[in-house]
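Contents: one structure, followed by commentary.
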Number of protein chains: 2
Amino acid sequence: MDMSKVKVAINGYGTIGKRVADAVALQDDMEIIGISKTRPNFEAKTAAMKGYNIYAPADKIDSFKNDGYTIAGSIEDMVKAADIVVDCTPGKIGVSNKALYEKEGVKAIWQGGESKDIAPISFNSEANYADAIGADYVRVVSCNTTGLCRVIYPLDQKYGVEKVRVTIVRRGGDPGDIKSGPIDALVLDPIKLPSHHGPDVKTIMPHINITSAAIKAPTSFMHLHVLNIQLKTECSAEDVKNLFASRPRIRMIADGISATAQIIEFGRDLGRPRNDMWENCVFRDSVSVDDGELYFFQAIHQESDVIPENVDAIRAMMSLEKDNLKSIEKTNKSMGIGFKC
Amino acid sequence: MDMSKVKVAINGYGTIGKRVADAVALQDDMEIIGISKTRPNFEAKTAAMKGYNIYAPADKIDSFKNDGYTIAGSIEDMVKAADIVVDCTPGKIGVSNKALYEKEGVKAIWQGGESKDIAPISFNSEANYADAIGADYVRVVSCNTTGLCRVIYPLDQKYGVEKVRVTIVRRGGDPGDIKSGPIDALVLDPIKLPSHHGPDVKTIMPHINITSAAIKAPTSFMHLHVLNIQLKTECSAEDVKNLFASRPRIRMIADGISATAQIIEFGRDLGRPRNDMWENCVFRDSVSVDDGELYFFQAIHQESDVIPENVDAIRAMMSLEKDNLKSIEKTNKSMGIGFKC
């Protein structure tokens with residue numbers, strides 16, 4: 001154990017947890033002291049193969065051992081050994097772990113599936129990193145909210161945002177999810193407008209006037225956002241393309257790509273781990289200004305876009321870096337984000 | 001043959017043609033003198049079972065006869081025998097039939113898959129019926145444009161429409177279509193904004209300020225529209241719900257329905273032919289006014305919503321009825337539209 005590194009525990013090793021673990025393991029100022037699993041499934045197997053210390057609920061340790069696993073201890077043991085826990089348990093479960101983190105006096109990060117009330121700070125690396133410096137509890141907002149903040153924040157900084165209207169076409173389930181639907185339907189999610197996404201952006205940028213509608217579709221790869229933004233000052237489509245291209249976590253998509261599935265195929269060709277597309281994928285040719293309003297499409301990889309934000313949140317909360325752009329650059333470089341081909 | 005009835009020929013007996021034929025057959029002021037098929041497939045079989053006269057291209061008649069069909073003549077023979085032809089051939093094919101209709105001096109209706117230039121009048125029963133009275137050539141606009149006109153027209157009449165922004169999530173293919181995609185992707189259709197739907201509404205209502213974006217999704221049942229409309233005068237969500245409920249071809253959807261597939265299941269339970277939902281299906285609880293702007297979701301049954309419009313277009317072009325609301329009422333009653341349970 002390297003005493004100069006921040007000791008990070010990953011509580012919950014599913015879609016988000018396994019990715020946060022791999023991203024944290026790439027950092028020279030952090031180390032993974034362990035991950036927790038509640039069941040010995042294929043994800044536990046790959047955690048063992050990668051050499052992560054596996055912790056389990058006290059009453060499940062024997063069952064893991066019977067399946068041939070080496071278990072480092074209970075989840076309480078893991079929390080005690082950590083400086084900070086990234087809680088990646090399923091949505092609405094993370095809240096039940098808060099008492100344990102408080103009791104052991106460790107810092108904690110929750111994901112966007114939890115209520116905004118779980119932590120005093122909702123987090124986005126570009127928009128409000130400074131608020132999280134030294135904080136004990138932070139919630140990294142959801143994939144869609146992260147994707148919205150990454151485009152709204154720079155537009156608001158440069159041109160001022162008057163109003164945002166967004167339609168989100170959500171993937172029905174992740175590629176490995178064999179339970180979710182729909183198979184053949186478009187589902188209003190929810191029927192009553194607005195969806196929670198607009199209000200959730202306000203947990204990061206309270207002054208933004210935003211409304212949102214969401215639909216669930218039978219696809220697995222990515223969410224798709226249709227954005228309409230009224231800006232306070234005039235600009236051209238070219239200005240916005242240039243602004244987006246200059247941001248650290250926006251990738252401009254072109255080269256014959258017109259669909260989410262093609263972006264993921266591109267991610268596979270790039271050799272990305274698990275074909276992850278951590279950046280917002282803005283379709284370059286869709287960026288347009290009509291009747292004084294900005295329109296564009298962006299695709300958001302629900303499994304991975306929040307991963308670099310979790311790394312930056314650790315760095316802010318542990319006061320490892322005060323400058324958000326330096327943290328973003330460090331995280332990006334370690335993960336391979338920002339190679340714009 | 002009843003000489004008092006308008007003689008209607010259906011050129012092309014696919015998704016739209018077979019439905020127009022069945023709807024025209026229900027009218028007491030029209031009759032089907034024949035339908036045309038180019039191949040002896042299952043649709044030709046059901047046309048024969050229903051007793052429609054089947055016409056075929058001259059060079060295909062022998063092949064139909066070899067398959068056991070009775071063929072009434074060539075497509076030219078059918079056109080000669082008709083007062084009016086409803087061209088339901090696939091999109092962009094209908095234009096090649098125009099010379100025949102002109103030569104034989106018969107009136108013709110094309111569908112929305114053809115360019116707006118094919119006929120001097122683009123048609124919607126509520127918005128511009130009067131323009132088509134006595135006309136020789138008319139284009140009934142597409143399913144999506146028809147669905148948009150049915151909500152925009154009454155809103156514009158009552159409150160004045162300042163601006164319409166619509167996102168259309170399109171079904172990738174019809175239920176019986178085994179060639180179209182995508183299977184697992186959201187496809188920008190097209191990437192460059194706006195899509196053709198906004199401009200197409202202007203072929204009916206040129207003064208409407210409208211912009212549109214479209215995405216293709218892996219589903220078969222219905223299109224889904226996410227609408228944002230700025231009105232010139234203030235109104236409440238309740239006002240709009242009441243306005244929509246009073247229109248002849250809008251159905252307010254509630255009763256636990258939150259998805260397109262459930263609407264089609266409802267259509268099956270209602271005993272609708274081919275589960276057709278000819279009306280706009282507006283999700284009642286989605287109708288909302290936020291920050292002075294109207295929002296709602298509506299589902300559009302791509303296979304059937306233009307069918308009653310074709311019947312009304314025949315009635316206008318043949319000068320059978322001058323009052324559009326009377327034609328709409330007659331068509332609705334014959335088809336069973338307007339039973340609001």
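Protein chains get the first letters and strands the later ones, always in sequence-line order, with residue 1 at the start of each. As a basis for the values below, the full set of heavy atoms in this structure was taken, side chains included, without hydrogen atoms, waters or symmetry mates.
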Heavy-atom contact with chain B under 4.5 Å, split by part of [X]:
X      : result
A:A214 : backbone
A:V169 : both
A:F283 : side chain
A:S258 : both

Quiz prompt | Heavy-atom side-chain proximity of B:I215 to A:L224 below 4.5 angstrom | solution = yes
Quiz item: Do B:D291 and A:T211 have side chains that get closer than 4.5 Å, going by heavy atoms?
Solution: no
Practice problem: Among the options B:K216, B:E293, B:H223, pick out the one with the most heavy-atom pairs lying under 4.5 Å from chain A. | Solution: B:E293
Quiz item: Looking at B:A261, B:A299, B:P190, B:A185, which makes the most heavy-atom pairs under 4.5 Å with chain A?
Solution: B:A185
State, to 0.1 Å, how close [X] and [Y] come at their nearest heavy-atom pair, and which atoms those are.
X      : Y      : result
B:I191 : A:I257 : CD1-O, 3.5 Å
B:A213 : A:F297 : CB-CZ, 4.0 Å
A:L193 : B:Y295 : CD1-CB, 3.7 Å
A:M222 : B:L186 : O-CD1, 3.8 Å

Max heavy-atom pair count under 4.5 Å with chain B, selected residue of [options]:
options                : result
A:T260, A:I264, A:I183 : A:T260
A:P194, A:A217, A:S220 : A:S220
A:R165, A:Q262, A:K192 : A:R165

Practice problem: Would you give the length of the straight line joining atom CG of A:D285 to atom CG of B:L188, rounded to the nearest 0.5 angstrom? | Solution: 10.0 Å
